[in-house]
Number of protein chains: 2
Amino acid sequence: MNKLHNMTAPVHLSQLKTACSSCSLQELCLPFGLSDAELEQLDNLVQRAQPKLRGEYLYRAGASFQSLYAIRTGFFKTQVMHEDGREQVTGFHMMGEIIGMDAISTDHHTCDAIALEDSEVCEIPFGRLEQLSRDIPSLQRHLHKIMSREIVRDHGIMLLLGSMKAEERLATFLLNLSQRFASRGYSPNGFHLRMTREEIGSFLGLKLETVSRAFSKFQKEGIISVQNKSIEIKDITALKLTMGQQECRT
Amino acid sequence: MNKLHNMTAPVHLSQLKTACSSCSLQELCLPFGLSDAELEQLDNLVQRAQPKLRGEYLYRAGASFQSLYAIRTGFFKTQVMHEDGREQVTGFHMMGEIIGMDAISTDHHTCDAIALEDSEVCEIPFGRLEQLSRDIPSLQRHLHKIMSREIVRDHGIMLLLGSMKAEERLATFLLNLSQRFASRGYSPNGFHLRMTREEIGSFLGLKLETVSRAFSKFQKEGIISVQNKSIEIKDITALKLTMGQQECRT
DNA sequence: CGGCCCTTTGACAGGATTCAAAACCCGTGG
DNA sequence: CCACGGGTTTTGAATCCTGTCAAAGGGCCG
């Protein structure tokens, strides 16, 4: 089991399996032992999809917390900011993922969420979600799993940031993206990066030049093909090898 | 508001405010709008304190998940492990904190928890906690806050690992410890480290030699006094300055 | 008291950052 | 349709921080 593959991923909306017909994502509407009445309640909970244009903030650090957000389409980044101005991208989030859970602790958002492309989100009022999850144990359990998954994901990133070299980080990042695209029915081998080198660098704890160099090196080695933001993975085995490349100390 | 101060901290048991008389921590037994009957239910939920000797595992990655653990006394570290053997300390946990929430997502623990000194923990069967939290909304909200707080903490560590230099990391770490000791009624200026330089290094994404050098440098500058595992903070202002020392780029 | 682990310190190597410049892409507007 | 301009990306060279290797010192426990 590779924890790193969970790195940026999961917290998939399908885990909530909310009857999100207002999101018109059929796959998410699969019941998980819910009665029709319960499904309808879930359905009513989730607000109609809201559009967000590229560059728009979904929420800002400090804003008061009302809702979680399920990403229906598009791509977001979340970032925390240090008082001295440094900022750290804490995640890239795609279709089906739920963001905003950091805000529960203080009733205020602790990070910014910004659309990296034109996107749509479904708002999930948290108070009502809590209320409903009191009546529906399986929903309650799902909510807990989703939050827990976020914790596990963060631990994977800590491992990456704390103990990997630049190329290992980038390889891990690419494989994670690949897997997440694949699980959504897109090609795992070719995809389009929505974020800049600088944003990738911030997420991976590297400078943009280092990210660029690593891309170039992978391409020179024939592991991937890079054309601006388009990535093609040509040798996934080599990429996985790069990811884990580090002599095991006894 | 300094997010970093939450870095390794919180998820304080007092947030759960469980009627943890079996933990005999009076401060934690303060009701938060609970009836006597509810308090008794909480009380029954939490198992009698279990002792753990230094070096003992509280749980291991892969073990099936049953319970969260509230640390009654002592000190634990949690660590995740990469398949190639690399490991990363994800946190140091002290009295009053709750650990094990990463396991909810998969019903299996995803990290090891190891006692760094002789300790006592209270086991909280998670299924029953969920059950009870369905009946007691304020308990439910508390549980969510505690999990969310863990997420926020992890984001702070990601910021540290992703954008701070060695000395900034160590300064942040020391200030975090200081604050956590203070909030428990201990001196914020002098305390005893329970972990080795290597464990600090793993947590901070540094090698043990780098940690040692940073300690030495702080001591030479008169910011702290180090004597093995005993730390005395002599100039907390300078320490805070060190933490935030990085030119703001426009 | 001895052995083991932890810690400190030095010298050196290496990887990542920094600074700089040029090329490139893309959206905008002429 | 093409030219322009700003942001993004690439690449090079030099620097700096951290890691690596090594050795010695120190503390703790049996």
Side-chain angles (χ1 to χ4, degrees), chain A residues 53-55 77 86 88-89 114 116-118 160-171 173 192-221 224-231 242 245-250, chain B residues 53-55 77 86-89 114 116-118 160-171 173-174 192-221 224-231 242 245-250:
Chain A
L53 297 179
R54 183 151 87 98
K77 71 169 175 180
R86 270 177 284 192
Q88 169 79 23
V89 171
I114 302 166
L116 294 179
E117 63 180 5
D118 294 353
L160 176 143
L161 291 172
S163 69
M164 289 189 181
K165 295 204 191 307
E167 285 162 31
E168 299 175 308
R169 296 185 196 188
L170 188 63
F173 172 69
H192 190 80
L193 297 175
R194 272 73 173 184
M195 67 297 281
T196 67
R197 302 287 188 266
E198 185 169 19
E199 287 164 334
I200 296 173
S202 171
F203 180 60
L204 298 178
L206 302 169
K207 293 295 162 189
L208 69 97
E209 295 95 329
T210 307
V211 174
S212 176
R213 275 184 246 271
F215 270 127
S216 299
K217 180 148 184 263
F218 286 166
Q219 181 162 43
K220 196 159 56 188
E221 291 169 346
I224 65 173
S225 163
V226 189
Q227 207 160 12
N228 254 312
K229 299 215 151 113
S230 291
I231 301 288
T242 302
Q245 227 167 45
Q246 179 147 316
E247 66 284 6
C248 293
R249 34 190 109 134
T250 58
Chain B
L53 297 179
R54 184 153 86 98
K77 70 168 175 180
R86 269 176 286 190
E87 57 190 35
Q88 168 80 24
V89 171
I114 302 166
L116 293 179
E117 64 180 6
D118 296 352
L160 177 143
L161 292 171
S163 70
M164 288 190 184
K165 296 206 188 308
E167 285 162 32
E168 298 175 308
R169 297 185 196 189
L170 188 63
F173 172 69
L174 290 175
H192 190 79
L193 298 175
R194 272 71 172 184
M195 69 296 283
T196 66
R197 302 288 188 267
E198 184 169 20
E199 288 164 333
I200 296 173
S202 172
F203 180 60
L204 298 179
L206 303 168
K207 293 296 163 187
L208 69 96
E209 295 95 331
T210 306
V211 174
S212 177
R213 273 184 248 272
F215 270 127
S216 300
K217 179 147 185 264
F218 286 166
Q219 183 162 41
K220 196 160 56 189
E221 292 171 341
I224 64 173
S225 162
V226 189
Q227 206 159 13
N228 255 313
K229 300 215 149 108
S230 291
I231 301 288
T242 302
Q245 226 166 44
Q246 178 147 318
E247 66 284 6
C248 292
R249 35 190 110 133
T250 57

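All heavy atoms count here, side chains included; hydrogens, waters and symmetry mates do not. Residue numbering restarts at 1 for every chain, and letters A, B, ... go by the order of the sequence lines.
Taking side-chain N and O atoms only, Lys229(B) has no distance below 4.0 Å to OP1 or OP2 of dC28(D). Between dT11(D) and Ser212(A), no contact under 4.0 Å exists linking OP1 or OP2 to a side-chain N or O. Contact annotation: Arg197(B) side-chain N/O to dT7(C) OP1/OP2 distance is under 4.0 Å.
Between Leu116(B) atom CG and dC5(C) atom P the separation is 18 Å, expressed in whole Å. We find that CZ of Arg194(B) is positioned 18 Å from C1' of dC6(C), with the value rounded to whole Å. Residue Gln227(A) contributes atom CD, which lies 14 Å from atom C1' of dT10(D) at whole-angstrom precision. Taking atom CG on Asn228(A) and atom C1' on dT8(D), their separation rounds to 8 Å, with Å as the unit. Atom P of nucleotide dC25(C) and atom CG of Leu193(A) are separated by 16 Å, given to the nearest angstrom. Look at CG on Leu208(A): it is 9 Å from P on dT10(D), rounded to the nearest Å. The CG atom of Leu170(A) sits 14 Å away from the C1' atom of dA16(C) (whole-angstrom rounding). At whole-Å resolution of the value, CZ in Phe218(A) and P in dT10(D) are 13 Å apart.
The minimum heavy-atom distance linking Met195(A) with Ile200(A) is given by the pair CG-CG1, 3.3 Å.
Lys217(B) comes within 4.0 angstrom of nothing in the nucleic acid, heavy atoms only.
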Report summary line: Under a 4.0 Å heavy-atom criterion, the protein footprint on nucleotides 12-19 of chain D, written with B, S and -, is BB----SS
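Checked for salt-bridge contact, Lys217(A) and Glu221(A) meet the test: a charged N lies under 4.0 Å from a carboxylate O. Between Lys77(B) and Glu87(B), no side-chain nitrogen of the basic residue sits less than 4.0 Å from a carboxylate oxygen of the acidic one, so the salt-bridge criterion is not met.
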**Report entry** Test log, rule side chain to side chain contact (heavy atoms under 4.5 Å, CB included), inputs Phe218(A) and Ile231(A)
**Finding:** CA-CA 11 Å; Phe218(A) 286 166; Ile231(A) 301 288; over 6 Å; no
**Report entry** Residue pair Leu204(B), Leu170(B): steps toward the side chain to side chain contact (heavy atoms under 4.5 Å, CB included) verdict
**Finding:** CA-CA 7 Å; Leu204(B) 298 179; Leu170(B) 188 63; 3.9 Å; yes
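Mapping Phe215(A) and Arg54(B) onto DNA chain D by nearest heavy atom places Phe215(A) closer to the 5' end of the strand.
When each of dT7(C), dT8(C), dC25(C) is scored by its nearest atom to the side-chain atoms of Thr196(B), the top-ranked nucleotide is dT7(C).
Formation of a donor-acceptor pair under 3.5 Å by the Arg194(B) side chain with backbone atoms of Glu117(B) is not found in this model. A donor-acceptor distance shorter than 3.5 angstrom exists from the side chain of Arg169(B) to the backbone of Met164(B), with no hydrogens or angles considered.
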